[in-house]
Number of protein chains: 2
Amino acid sequence: MSVTTEPISHPTRSELELSAVLHALSDPVRLMIVAELAKNQGEYTCGSFSLPVTKSTCTHHFKVLREAGLIQQRQQGTSRLNTLRRDDLEARFPGLLPTVLQAVPDSAAVAAVTA
Amino acid sequence: MSVTTEPISHPTRSELELSAVLHALSDPVRLMIVAELAKNQGEYTCGSFSLPVTKSTCTHHFKVLREAGLIQQRQQGTSRLNTLRRDDLEARFPGLLPTVLQAVPDSAAVAAVTA
DNA sequence: TTCGTTGTACGATGAATGGCGTACAATAGC
DNA sequence: GCTATTGTACGCCATTCATCGTACAACGAA
């Protein structure tokens, strides 16, 4: 990708805010992303999700998720690898992520990881 | 209050949507309201919360909470009594409400029930 | 009946949001 | 070196959102 030499910044564990996290999760597209990341452990490129939006909108959603502290992004070559910040979330808001994920409707599973 | 003869409508249990619930909870003011309602069992008038916003903004937030299915509103005289829809939420999204409430910072408790 | 209380309705406003297209930067591969 | 891939940046747009002020409706109490 590009990164334009800007370092990828993430909030620290203690900076995580409940409102921000809930807001990040309140969008269906972002909920799909998180649900997919949660389903399989590991790192996934942005492009590996088949989302119902364009590339640029995707970038936007990943940015929101990152800034809210839900995901970690790491640059590798031209792609950006995404990981769920399970541990940090669990430490700050115990049980929140698993509970929300359990409530995600299966219809959101349409966002299958294609790669 | 007024009600203007409009009946108060609520979504049914099966109509509750995760995104809407999370969105409703993603605002600090609404989170305070819900936290306060959760702390004490029972019905509370809108005016019994000391919130950092004006009356009209309050009305707005209570409406959002009601339309998302988080609270139940019942008219009694000039006031409107609010209750948390614990059972419905628990049935539809098990564990969600308790988990979120547990994550609410104490600073939100500033919104004390005055009456 | 006349206030005072409680809360809604409506309209305005500024900020944020989600969406898109285009341009381009960085790297991988040929 | 050239090209394809991956993803960001930026600008634009329409919509939603949180907030407020004012007006007013409904009811209780004096």
Side-chain angles (χ1 to χ4, degrees), chain A residues 1-10 17 19-34 43-68 71-83 111 113-115, chain B residues 1-10 17 19-34 43-68 71-83 111 113-115:
Chain A
M1 42 75 79
S2 69
V3 135
T4 323
T5 321
E6 294 172 3
I8 309 176
S9 78
H10 298 81
E17 274 186 40
S19 297
V21 169
L22 292 176
H23 174 249
L25 292 172
S26 73
D27 181 279
V29 174
R30 291 194 291 261
L31 207 45
M32 284 194 252
I33 296 173
V34 172
E43 300 180 302
Y44 291 88
T45 64
C46 301
S48 67
F49 299 83
S50 45
L51 299 168
V53 289
T54 63
K55 259 199 310 180
S56 34
T57 304
C58 251
T59 295
H60 163 68
H61 286 307
F62 277 98
K63 184 178 181 185
V64 172
L65 287 173
R66 172 168 46 85
E67 293 182 340
I71 64 171
Q72 234 255 325
Q73 292 192 298
R74 185 171 71 81
Q75 196 67 32
Q76 190 187 59
T78 55
S79 28
R80 194 164 277 203
L81 298 176
N82 302 282
T83 333
V113 171
T114 51
Chain B
M1 42 71 82
S2 68
V3 135
T4 323
T5 321
E6 293 173 2
I8 310 176
S9 77
H10 298 80
E17 274 186 40
S19 296
V21 169
L22 292 177
H23 174 248
L25 291 173
S26 74
D27 182 278
V29 175
R30 291 194 290 263
L31 208 43
M32 284 194 249
I33 296 173
V34 172
E43 300 179 303
Y44 291 87
T45 64
C46 301
S48 67
F49 299 84
S50 45
L51 300 168
V53 289
T54 63
K55 259 198 310 179
S56 36
T57 304
C58 249
T59 296
H60 164 67
H61 286 307
F62 277 98
K63 185 178 179 185
V64 172
L65 287 173
R66 172 168 47 85
E67 293 182 341
I71 64 172
Q72 235 255 325
Q73 292 192 298
R74 185 171 71 82
Q75 197 66 31
Q76 190 187 58
T78 55
S79 30
R80 194 164 277 202
L81 299 176
N82 303 282
T83 333
V113 171
T114 50

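Labels below follow one simple rule: chain letters A, B, ... track the order of the sequence lines, proteins then strands, and each chain is numbered from 1.
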Taking B/Ser9's backbone N and O only, do any of them form a donor-acceptor pair with B/Arg66's side chain (distance below 3.5 Å, no angle check)?
yes
Looking at B/Thr54, I'd like to know whether one of its side-chain N or O atoms comes within less than 4.0 Å of OP1 or OP2 on D/dT19.
no
Please state how far atom CD1 in A/Ile8 lies from atom C1' in C/dA25, giving the value in whole angstrom units.
14 Å
To the nearest Å, give me how far apart CG (B/Leu51) and P (C/dT6) are.
14 Å
Please report, rounded to the nearest Å, how far the P atom of D/dT6 is from the CD atom of A/Gln76.
14 Å
N/O to N/O distances under 3.5 Å, protein versus nucleotides 14-18 of chain C:
{"from": "C/dG18", "atom 1": "OP1", "to": "A/Arg30", "atom 2": "NH1", "distance (Å)": "3.3"}
{"from": "C/dG18", "atom 1": "OP1", "to": "A/Arg30", "atom 2": "NH2", "distance (Å)": "2.8"}
{"from": "C/dG18", "atom 1": "OP2", "to": "A/Arg30", "atom 2": "NH1", "distance (Å)": "3.3"}
{"from": "C/dG18", "atom 1": "OP2", "to": "A/His60", "atom 2": "NE2", "distance (Å)": "3.0"}

Whole angstroms only, please: what is the NZ-P distance between B/Lys55 and C/dT8?
10 Å
Euclidean distance, atom CD of residue B/Glu67 to atom P of C/dA9 [Å, nearest integer]
10 Å
Side-chain donor/acceptor pairs under 3.5 Å, residues 19-34 of chain A, sequence neighbours excluded:
{"from": "A/Ser26", "atom 1": "OG", "to": "A/His23", "atom 2": "O", "distance (Å)": "2.8"}
{"from": "A/Asp27", "atom 1": "OD1", "to": "A/Val29", "atom 2": "N", "distance (Å)": "2.8"}
{"from": "A/Asp27", "atom 1": "OD1", "to": "A/Arg30", "atom 2": "N", "distance (Å)": "3.3"}
{"from": "A/Arg30", "atom 1": "NE", "to": "A/Ala24", "atom 2": "O", "distance (Å)": "2.7"}
{"from": "A/Arg30", "atom 1": "NH1", "to": "A/His61", "atom 2": "ND1", "distance (Å)": "3.1"}
{"from": "A/Arg30", "atom 1": "NH2", "to": "A/His23", "atom 2": "O", "distance (Å)": "3.4"}

Tell me, please, which residues at least two apart from A/Lys55 pass side-chain contact (heavy atoms from CB on, under 4.5 Å).
none
Nearest whole angstrom, please: distance from the C1' of C/dT6 to the CD of B/Gln73.
13 Å
Using side-chain contact (heavy atoms from CB on, under 4.5 Å) as the criterion, list what pairs up with B/Cys46, not counting sequence neighbours.
B/Phe62, B/Gln73, B/Arg80, B/Asn82
Whole-Å gap separating C1' (C/dA9) and CZ (B/Arg66):
13 Å
Just jot down the side-chain hydrogen bond (donor to acceptor under 3.5 Å, both in side chains) partners of B/Glu43, sequence neighbours excluded, or say none.
B/Arg74
Between D/dA9 atom P and A/Gln75 atom CD, what is the distance in whole Å?
10 Å
Residues in side-chain hydrogen bond (donor to acceptor under 3.5 Å, both in side chains) contact with A/Thr57, at least two apart in sequence or another chain
A/Thr54
Of all the nucleotides listed (D/dG7, C/dG7, D/dG21), which has the minimum atom distance to the side chain of B/Ser56?
D/dG21
Can you tell me if the side-chain N/O atoms of B/Arg80 get under 4.0 Å from OP1 or OP2 in C/dT8?
yes
Report yes if some heavy atom in the side chain of A/Leu81 is under 4.5 Å from a heavy atom in the side chain of A/Thr45; otherwise report no.
yes
Using OP1 and OP2 only, check whether a side-chain N or O of B/Thr59 sits under 4.0 Å from C/dT8.
yes
